[in-house]
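Below, read A as the first sequence line, B as the second, and so on, with proteins coming before strands; counting in each chain starts at 1.
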Number of protein chains: 2
Amino acid sequence: MSLEPIDRAILKELAADGRCSFTDLAERVGLSVSAVHQRVKRLEQRGVLKGYAARLDGEEIGLPLTAFISLFPIDPAAPDDYPKRLEHLQQIEACYSVAGDASYVLRVRVASPSALEDLLRQIREAANVSTRTTVVLSTPYEDRPPAV
Amino acid sequence: MSLEPIDRAILKELAADGRCSFTDLAERVGLSVSAVHQRVKRLEQRGVLKGYAARLDGEEIGLPLTAFISLFPIDPAAPDDYPKRLEHLQQIEACYSVAGDASYVLRVRVASPSALEDLLRQIREAANVSTRTTVVLSTPYEDRPPAV
DNA sequence: TATGAAATTGTCAACCT
DNA sequence: AGGTTGACAATTTCATA
């Protein structure tokens, strides 16, 4: 359950450079290649390492508009299956259940204001919620590696 | 500037599996290995591909508590250098400039409620802001690949 | 965990279209 | 310009100690 310092070092490197080779990893953490290899595979199996993702530039891929959408259920007696009702909407990158005024907060990425308008309509219809949207103007930084 | 369908396919695969080999990529998009290699390198140089990151399990790495912190400047005449003033705080994973009541929204990850309390104090001191915090209870999904 | 060897993959040239 | 082939270097992977 707890993490050894070497595992932490490995995770830190992979969080900052997900395509780092085992050879480089081994050098940086001071272990043989095969030992690092085994540890990484074990961290993957344990679920500590959940996967690897390329970080894409939203503007370059034609999705320049990011927003946070707070969800407020309309029917307090309705079953709480909002994430499932919404997961088919690919524009939703993340869904958080939160302790606040809202029940959920979504992070979405779309091509334009009208695409956002359309998405909001789909969300309200699919989940029977009212929404409050916060548009992201710019992103000074994002996806910084956690202090493992 | 615009993206060809093959580039989109490559980005989609890498967004879903950042460590995918060039060999696999080539098979999936129907191109030779070296052609894919060239395209990936070019996408990296153009900044479309900003990097690669391992996705870590917050609980497993000892940072089970995620929160969103909205920032409200106290002095309206102060220069807007909040991101810079806060970037040394490693617990902050992302910083968004937003169009809403708040000026910025931070996404943070910490070990415990008291660590969050401590972080809030540091944020208020470093940036001269008041804050409003929304604690994340659970994360139904996160880091879903964008619909490139 | 390390070593070493085999299979696979990454990289780059030269060439083709 | 972008594609392919082919050759070599580097890496991944696994058996073994």
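Interatomic distance, Arg124(A) CZ to Ile69(A) CD1, rounded to the nearest 0.5 Å: 9.0 Å. Between Glu44(A) atom CD and Leu49(A) atom CG the span is 5.5 Å, to the nearest 0.5 Å.
Pairs passing the ring pair (Phe, Tyr, Trp, His ring centres under 6.0 Å) check and including a residue from residues 41-67 of chain B, sequence neighbours excluded, do not occur. Note on residues 117-148 of chain B: no pairs pass ring pair (Phe, Tyr, Trp, His ring centres under 6.0 Å), not counting sequence neighbours. Each side-chain hydrogen bond (donor to acceptor under 3.5 Å, both in side chains) pair with one or both residues in residues 72-88 of chain B, not counting sequence neighbours, appears once here: Asp80(B)-Tyr104(B), Asp81(B)-Arg85(B).
Under the side-chain hydrogen bond (donor to acceptor under 3.5 Å, both in side chains) criterion, Gln38(A) pairs with no residue at all, not counting sequence neighbours. The side chain to side chain contact (heavy atoms under 4.5 Å, CB included) check on Asp143(A) picks up Arg55(A), Arg107(B), with sequence neighbours excluded. Applying the salt bridge (charged side-chain N to carboxylate O under 4.0 Å, His left out) test to Glu13(A) and every residue at least two apart in sequence or in another chain returns Arg28(A). In this view, Ala15(A) and Pro145(A), Pro146(A), Leu56(B) satisfy the side chain to side chain contact (heavy atoms under 4.5 Å, CB included) rule, not counting sequence neighbours.
In the region residues 6-22 of chain A, proximity to DNA chain D at under 4.0 angstrom, judged on heavy atoms, holds for Ser21(A), Phe22(A). Using a 4.0 Å cut-off on heavy atoms, the residues of residues 32-45 of chain A that approach DNA chain C are Ser32(A), Ser34(A), Ala35(A), Gln38(A), Arg39(A), listed by number.
Of all non-hydrogen atoms in Ala67(A) and Val135(A), the two that sit nearest each other are CB-CA, 4.2 Å. Between Leu31(A) and Arg39(A), the shortest heavy-atom distance links the atoms CD2-NE, 3.7 Å. The minimum heavy-atom distance linking Ser130(B) with Ile74(B) is given by the pair N-CG1, 3.8 Å. In terms of heavy atoms, Leu3(B) sits closest to Arg8(B) at O-NE, 3.7 Å. Pairing each heavy atom of Ala147(A) with each of Gln90(B), the nearest pair is CB-OE1, 3.5 Å. Leu86(A) and Ala126(A) get closest at one heavy-atom pair: CD2-CB, 4.1 Å.
Using a 4.0 Å cutoff to heavy atoms of chain A, the contacted part of DNA chain C runs 5' to 3' from dT1(C) to dT3(C). First and last contacting nucleotides of DNA chain D toward chain A (any atom under 4.0 angstrom from a heavy atom, 5' to 3' order): dT11(D) to dC14(D).
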A correct dot-bracket answer for DNA chain C, with pairs being Watson-Crick or G-U at under 3.5 Å, [ ] for crossing pairs and | for inter-strand pairs, is ||||||||||||||.||

